[in-house]
2 protein chains.
Amino acid sequence: MNNLFEHVLNPLSDIGTNDFFNIDEGEDAWSDAHANFLSSLSESETKDLLKCSHRLDLKSRDYLFRAGDHSNDVYIVAGGCIRLFQVSPTGKETILWFSFPGEIFGIAELSRGNERQLYAVANEATQVFSIRSKDFTQFLGTHPEAAMKAIGILSARVRALGHILVGLTSDNVETRIARLLMRFAAVSSGTRCCAGSTEGELCVRVRLTHQDIANLIGASRQTVSTTLAHLRKIDAVRTVDQHIHIVQPDHMRRLLGLSAA
Amino acid sequence: MNNLFEHVLNPLSDIGTNDFFNIDEGEDAWSDAHANFLSSLSESETKDLLKCSHRLDLKSRDYLFRAGDHSNDVYIVAGGCIRLFQVSPTGKETILWFSFPGEIFGIAELSRGNERQLYAVANEATQVFSIRSKDFTQFLGTHPEAAMKAIGILSARVRALGHILVGLTSDNVETRIARLLMRFAAVSSGTRCCAGSTEGELCVRVRLTHQDIANLIGASRQTVSTTLAHLRKIDAVRTVDQHIHIVQPDHMRRLLGLSAA
DNA sequence: ACAACATTGTCGCCTAGGTGACAATCTTCG
DNA sequence: CGAAGATTGTCACCTAGGCGACAATGTTGT
């Protein structure tokens with residue numbers, strides 16, 4: 001599956017020789033929320049799309065766009081990770097999702113000639129392909145298959161946001177965190193964790209601060225710290241290097257199965 | 001309000017001459033969350049789409065589908081109103097959105113051959129066109145313009161859900177209710193309220209029980225009752241017949257402008 | 001018209017989680 | 001290296017809003 005991308009990566013360095021492109025389909029609706037747009041395209045589609053793109057390199061914390069901007073380009077992550085979030089007037093940040101390599105973002109604002117609705121910032125050093133909205137629209141118009149893929153991506157996002165909404169109104173913080181971790185573990189599965197991971201453990205490969213988690217699940221930073229400490233105490237998770245390991249995925253899954261389908 | 005649709009309900013005459021289809025673009029992202037799919041299509045597209053549809057009549061409270069169902073047809077509301085919601089394992093119902101005449105729903109589950117993720121129930125006597133997913137997919141494939149419209153609809157839904165999410169994590173119940181009412185008022189604008197409405201008032205034309213509101217904003221029924229009573233006391237809203245009127249829209253808007261862009 | 005059911009209004013009590021305030025570590029980068 | 005800045009851990013305190021329990025009032029089907 002990866003070699004399919006060699007031609008993508010090449011003209012533009014070796015981004016994406018990386019296994020990140022492999023996202024195995026989990027059983028729930030989350031997994032395909034991170035459906036990989038780029039990899040779903042055929043070779044010729046990919047070529048057509050990327051030939052009108054240009055690449056951007058972002059340092060950690062660089063903003064790609066902000067709410068209110070008038071740009072409405074569409075982006076595809078080549079490597080790294082982009083954080084998409086909104087800020088409420090009170091300054092509270094709500095992270096809507098992260099975009100990982102191969103994923104596309106900014107489409108939802110394509111149809112709204114208007115203003116950007118959210119902020120996109122590089123969560124780490126990140127490379128993206130940027131495509132002018134006009135070019136992208138034209139690409140979709142001339143590649144019906146790709147348009148259908150786009151519809152699929154957006155649909156997945158709708159479903160994912162729906163699930164988040166339900167979780168937010170009916171789960172407590174601990175459950176929300178647990179679910180979030182499982183989700184990210186699924187996204188980043190496919191690569192064994194480099195650090196010493198006991199067999200059977202799941203690795204949440206993304207660097208998430210407690211604040212990030214708080215912003216993702218709609219809780220306060222302090223509560224996240226406390227809850228995470230508790231999850232550690234009951235051996236549900238452990239911290240390796242900078243990231244979290246889920247010690248007994250099955251146990252966790254069962255736990256979540258009970259508190260939310 | 002319904003006679004406007006008479007021609008839809010007749011086979012399929014000149015849909016779209018009607019005013020209801022015209023939803024005036026508000027300044028926020030909500031308004032186009034209820035973008036009207038049917039009216040955005042050209043006459044020939046409409047004809048092509050509807051010729052492979054068949055019509056269903058639903059009584060109030062009839063289920064169109066349930067989570068877990070294997071059907072994945074796509075529907076377009078002809079008249080009435082469909083409530084789309086999920087149920088958490090604890091039995092808590094979360095309403096994701098209502099679909100009004102001309103709106104399409106079920107697309108988000110098109111790409112997921114799998115199972116329905118949510119429940120769709122008639123909120124009142126309702127007529128819908130149902131289209132088999134295969135037919136709809138084919139329709140999109142052969143009508144690029146329509147596919148773009150679909151992308152637009154889904155994008156709007158993504159934006160809308162994003163906003164709801166932000167509101168949920170940063171606004172209190174009163175603000176959430178206020179925003180909700182403004183949103184529904186916008187959706188149902190365009191027709192003057194039949195009942196005695198003082199000039200300048202906005203009418204929320206949908207029949208919403210307190211429980212509905214609670215399920216929409218993620219609060220308890222009791223809190224909604226209390227909060228609504230408070231809004232009534234401060235003359236922000238009043239209850240006419242079965243529905244709510246927003247007394248001073250501008251005042252309300254300003255209020256919301258402060259607590260959330 | 002009436003029984004069965006759905007909706008609303010309002011209590012009082014109770015807890016999950018927000019907030020502020022520090023101190024203790026980590027990271028970064030000049 | 002070392003200072004400025006991020007990130008974490010943990011207090012104590014406080015409140016928005018959930019929950020159960022009724023009574024009153026509306027709505028519906030037959």
Side-chain angles (χ1 to χ4, degrees), chain A residues 59-62 83 88 90-95 121-125 166-178 180 204 206-234 237-244 259, chain B residues 59-62 83 88 90-95 121-125 166-178 180 204 206-234 237-244 259:
Chain A
K59 292 190 299 295
S60 185
R61 282 155 213 264
D62 277 357
R83 181 167 87 244
S88 81
T90 62
K92 187 168 219 149
E93 172 177 324
T94 303
I95 300 180
V121 68
N123 212 39
E124 51 188 89
V166 173
L168 208 46
T169 56
S170 47
D171 297 331
N172 62 15
V173 170
E174 182 161 328
T175 308
R176 302 213 296 277
I177 291 186
L180 181 81
V204 180
V206 201
R207 223 263 135 162
L208 290 174
T209 68
H210 292 184
Q211 188 65 62
D212 284 338
I213 298 179
N215 296 343
L216 275 161
I217 65 165
S220 71
R221 201 236 69 223
Q222 291 94 320
T223 306
V224 172
S225 289
T226 316
T227 309
L228 230 32
H230 177 242
L231 285 176
R232 230 178 285 123
K233 191 157 55 203
I234 64 172
V237 305
R238 71 196 182 90
T239 306
V240 181
D241 284 345
Q242 311 269 336
H243 63 279
I244 294 173
S259 75
Chain B
K59 291 191 300 295
S60 185
R61 282 153 212 263
D62 278 356
R83 180 166 87 244
S88 82
T90 63
K92 187 169 219 149
E93 173 177 324
T94 304
I95 300 180
V121 70
N123 213 39
E124 52 187 87
V166 172
L168 209 46
T169 57
S170 47
D171 296 331
N172 62 15
V173 170
E174 181 161 327
T175 309
R176 301 213 295 278
I177 290 185
L180 181 81
V204 180
V206 201
R207 222 263 136 160
L208 290 173
T209 68
H210 292 184
Q211 188 65 62
D212 285 339
I213 298 179
N215 296 343
L216 276 161
I217 65 165
S220 72
R221 202 270 309 156
Q222 292 93 319
T223 307
V224 171
S225 290
T226 315
T227 309
L228 230 31
H230 177 242
L231 285 175
R232 230 178 286 123
K233 190 156 55 201
I234 64 171
V237 305
R238 70 195 183 94
T239 307
V240 180
D241 285 343
Q242 312 267 336
H243 62 278
I244 293 171
S259 75

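For the numbers below, each heavy atom of this structure counts, side chains included, while hydrogens, waters and symmetry mates do not. Proteins come first, then strands; the chains are lettered A, B, ... in the order of their sequence lines, and each starts at number 1.
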Exercise for the section: Would you mind telling me which residue lines up with the more 5' stretch of DNA chain C, Arg232(B) or Val173(A), judged by nearest nucleotide? Expected result: Arg232(B)
Handout entry: Nucleotide dG17(C), atom P - distance to NZ of Lys92(A) in whole Å
Key = 13 Å
Exercise for the section: Using a 4.0 Å heavy-atom cut-off across all strands, classify Thr209(B) as base, sugar-phosphate, or nothing. Expected result: sugar-phosphate
Problem - Under 3.5 Å donor-acceptor, Arg176(A) side chain and Ile217(A) backbone - result: yes
Handout entry: Close side-chain approach of Asp171(A) and Thr90(B), heavy atoms under 4.5 Å
Key = no
Completion exercise
Ranking dA6(D), dT10(D), dT8(D) by distance to the side chain of Thr226(A), first place goes to dT10(D)
Handout entry: Heavy-atom side-chain contact between Thr239(B) and Arg232(B) under 4.5 Å
Key = yes
Problem - Thr223(B) vs Thr226(B) side-chain heavy atoms within contact, under 4.5 Å - result: no
Handout entry: Length of the line joining His210(A):NE2 and dT27(C):P, which is rounded to integer Å
Key = 12 Å
Practice task
With the side chain of Arg61(A) defined as its heavy atoms from C-beta on, choose the nearest nucleotide among dT10(C), dA16(C), dA6(D).
Solution key: dA6(D)
Problem - Spacing of Asp171(B) atom CG relative to dG18(C) atom P, expressed in whole Å - result: 15 Å
Practice task
Answer yes or no: side-chain N or O of Gln222(A) and base N or O of dG17(C) forming a donor-acceptor pair under 3.5 Å.
Solution key: no
Fill in the blank from the handout: To the nearest angstrom, the CG-P distance between Leu228(A) and dT8(D) comes to 9 Å
Exercise for the section: Inspect the surroundings of CZ in Arg207(A) and state if more than 12 heavy atoms from other residues, nucleotides or ligands are less than 6.0 Å away. Expected result: yes
Problem - Rounded distance (Å) that lies between atom P of dT7(C) and atom CD1 of Ile213(B) - result: 12 Å
Handout entry: d(CG, Asn123(B); P, dA6(C)) in whole Å
Key = 15 Å
Exercise for the section: Kindly say whether, by distance alone, the side chain of Arg221(B) makes a donor-acceptor pair under 3.5 Å with the base of dG18(D)? Expected result: no
Problem - Distance in angstrom units between His243(A) NE2 and dC26(C) P, rounded - result: 17 Å
Exercise for the section: Kindly point out which of dT10(C), dG18(D), dA16(C) is positioned nearest to the side chain of Thr223(B)? Expected result: dG18(D)
Exercise for the section: May I have the distance from His230(A) (atom NE2) to dT8(D) (atom C1'), rounded to whole angstrom? Expected result: 18 Å
